[in-house]
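Below: the structure, in C-alpha cells.
These figures come from a predicted structure and were not determined experimentally. Heavy-atom basis, side chains included; hydrogens, waters and symmetry copies ignored. Below, read A as the first sequence line, B as the second, and so on, with proteins coming before strands; counting in each chain starts at 1.
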There are 2 protein chains.
Amino acid sequence: MVYPPGTVALVDEERVGLVLMHLGRDIDARLRRQLSTAGLTPRHGFTLSHLCDNGPTSQQSLLDVLDVDPSVLVAILNDLENAGLAERKRDPEDRRRHIVVMSEKGRVALTGMHSAMNTIEQEMLADLSPADATQLRELLLKVRPPAGTSPCSGD
Amino acid sequence: MVYPPGTVALVDEERVGLVLMHLGRDIDARLRRQLSTAGLTPRHGFTLSHLCDNGPTSQQSLLDVLDVDPSVLVAILNDLENAGLAERKRDPEDRRRHIVVMSEKGRVALTGMHSAMNTIEQEMLADLSPADATQLRELLLKVRPPAGTSPCSGD
DNA sequence: TATTGTTATACTCTATAACTATA
DNA sequence: TATAGTTATAGAGTATAACAATA
C-alpha cells in the first residue's frame, strides 16, 4: 500500500471489518449456490429455521425477526407454500392474522441447509485447529451486533 | 430450538458460518450508510483502495481483483470520474487499454472510508479486550477464503 | 481473429404505496 | 379508525449480449 501523507495507512487485510464483510459475502454466495438446486435462498432457510426454533408464528412476528419488508415476506411465504415447506393458517382468535406452520417437508429442507452449511464451514475452517475454531466461535459471539439489525435480514 | 428426530440440531448462533454471514451483511449495511452521504458505495471504496495499494491499473486487472462484471466496472469508474476521484487515461503502449489513476481527491475519499470503518470497528469490538480483538484478527486471517472469490466483490 | 472497453437491455431484488379484510 | 396481510408498481443493482475500437 502506498501511504500518502495524512492518509490512514491500513491495508484491507488488516481491517477486521473488511475481512468480516468479505467472508460474510462469500459464505452467503456459497450457501446460495448450494440451496439453489432446491429452488431456495438463504432467506428461505432463515425463515424455516425460525419456524423450527419457535414453532407456529404469525407473519407479524416473522417480520420482526427477519427484518424484511412485509411484501418481501409475502413472497418468501408464497415460495415456501408452493414448495410445500410451510403453510399459512388463519388465526381463529383474530382472523386478520396468518399463523405460519412448517411442514415435515420443510423440516427436511432445513436439514439440507444445515448440512450445506456444515460443508461450507468445514472448508472454511480447514486451516484452523479445533481449539482455534472454538475460540473463533466464542470471539465472534462477543462481537456486538449493531443496533436495530436482526440476524436474519439476508435474502 | 425444537429438535425433531433425524434433524441436525443446531441453533443459528452456534454456526460460525451463519454468524459470519450476518455480521458481514451488517457491516456492509453500516459502511454503505456512512458512505452514502458522499454518494459512494463500498464497492467504490474497494476500487479506490486497490488503486491506492497498487497505483495506476488497467481496467482488466481491476476486473480480476474486484471480480465484477465488466459493465459494472464501467459504471463504477464513471461514478469515480464524475466525482473527480479517479481518471481513465489511454495506455500509449496499447491504445485499447485504459489506465485508471486515483486523484488526490480520491485519496481523501479513501481516507474517509477508512475512518468510517474505524468507527464501525470500534462499535463492533466494544465488548472485546484488546487481546481478544488481536486474536480475532489472527483467527479470521486463517479462515480459508473460498476458491475463485476475490475480497472486493461487494457493491 | 482476438482483446479492451462500452452500450443497450433484461432480469432480480427490494421498497413504496394503495388496496382488501378484519378488528 | 387501526391492524394484518396482499398486490401493483417503480427503483436500484447486476448480468447478458451485441457493439466499436484497436491489436
Side-chain angles (χ1 to χ4, degrees), chain A residues 21 25-26 28-29 31-33 35-36 39-47 51 56-82 86-101 148-150 152-155, chain B residues 21 25-26 28-29 31-33 35-36 39-47 51 56-82 86-101 148-150 152-155:
Chain A
M21 272 181 67
R25 183 181 303 275
D26 174 62
D28 180 273
L31 184 59
R32 186 175 305 271
R33 212 177 310 130
L35 293 180
S36 67
L40 298 178
T41 67
R43 198 167 263 179
H44 291 112
F46 296 144
T47 305
L51 290 174
T57 311
S58 76
Q59 285 190 212
Q60 203 53 231
S61 74
L62 276 174
L63 281 180
D64 293 340
V65 177
L66 296 175
D67 192 36
V68 298
D69 192 86
S71 62
V72 172
L73 180 59
V74 168
I76 293 172
L77 294 179
N78 287 346
D79 293 342
L80 293 179
E81 272 199 320
N82 290 336
E87 195 183 348
R88 281 182 264 222
K89 297 182 191 292
R90 282 284 170 195
D91 181 349
E93 296 191 359
D94 182 343
R95 292 189 44 73
R96 292 174 300 184
R97 281 200 200 107
H98 277 156
I99 303 293
V100 184
V101 185
T149 303
S150 100
C152 299
S153 320
D155 170 59
Chain B
M21 271 181 67
R25 182 181 303 277
D26 175 61
D28 181 273
L31 184 60
R32 185 176 306 272
R33 212 177 311 130
L35 293 180
S36 67
L40 298 177
T41 67
R43 199 168 261 178
H44 292 113
F46 296 145
T47 305
L51 290 174
T57 312
S58 76
Q59 286 191 210
Q60 202 55 231
S61 74
L62 276 174
L63 281 181
D64 294 339
V65 177
L66 296 175
D67 192 36
V68 297
D69 192 85
S71 62
V72 172
L73 180 59
V74 169
I76 293 172
L77 294 179
N78 287 346
D79 292 342
L80 292 179
E81 272 199 322
N82 290 336
E87 196 183 349
R88 279 183 265 221
K89 298 181 189 293
R90 282 283 171 195
D91 181 348
E93 296 192 357
D94 183 342
R95 292 189 45 72
R96 291 173 303 183
R97 283 200 198 108
H98 276 156
I99 303 294
V100 184
V101 184
T149 304
S150 102
C152 300
S153 320
D155 170 55

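Taking CD of Gln60(A) as the reference point, atom CG of Leu73(A) lies at 9.0 Å (rounded to 0.5 Å). Leu31(B) CG to Met21(A) CE: the interatomic distance, rounded to the nearest 0.5 Å, is 5.5 Å.
Comparing Val74(A) and Pro70(B), the nucleotide of DNA chain D nearest to each residue sits closer to the 5' end for Val74(A).
In this structure, Arg95(A) atom CZ and dA4(D) atom C1' are separated by 12 Å, rounded to whole Å. In this structure, the NE2 atom of His98(B) is 12 Å from the P atom of dA23(D), given to the nearest Å. As a whole-Å value, the separation of Leu62(B) CG from dT4(C) P is 13 Å. As rounded to whole Å, 17 Å separates atom C1' of dT6(C) from atom CZ of Arg97(B). Computed from coordinates, the Arg90(A) CZ to dA23(C) P distance equals 9 Å when rounded to whole Å. At whole-Å resolution of the value, CG in Leu66(B) and C1' in dA15(D) are 16 Å apart. One can place CG of Asp91(A) at 11 Å from P of dA4(D), the figure rounded to the nearest angstrom. The CG atom of Leu73(B) sits 15 Å away from the C1' atom of dG13(D) (whole-angstrom rounding).
Using a 4.0 Å heavy-atom criterion, one finds that Arg88(A) contacts the sugar-phosphate atoms exclusively. At the heavy-atom level, Asp69(B) lies under 4.0 Å from base atoms of the strands shown.
Contact of Ser71(A) with dT16(C) (side chain to base): a donor-acceptor pair of N or O atoms is detected under 3.5 Å. Side-chain to base pairing of Arg96(B) with dT3(C): one donor and one acceptor N or O lie within less than 3.5 Å of each other.
Under 3.5 Å, the side chains of Thr41(B) and His44(B) contain a donor-acceptor pair of N or O atoms.
In this structure, Ile99(B) and Thr57(B) have side chains that are not in contact, with every pair of non-hydrogen atoms separated by 4.5 Å or more. For the pair His98(B) and Leu77(B), the minimum side-chain heavy-atom distance is 4.5 Å or more.
Using a 4.0 Å cut-off, some side-chain N or O of Gln60(A) falls inside it from OP1 or OP2 of dG5(D).
Distances were taken from every side-chain heavy atom of Gln59(B) (C-beta onward) to each of dT14(D), dT6(C), dG5(D); the shortest belongs to dT6(C).
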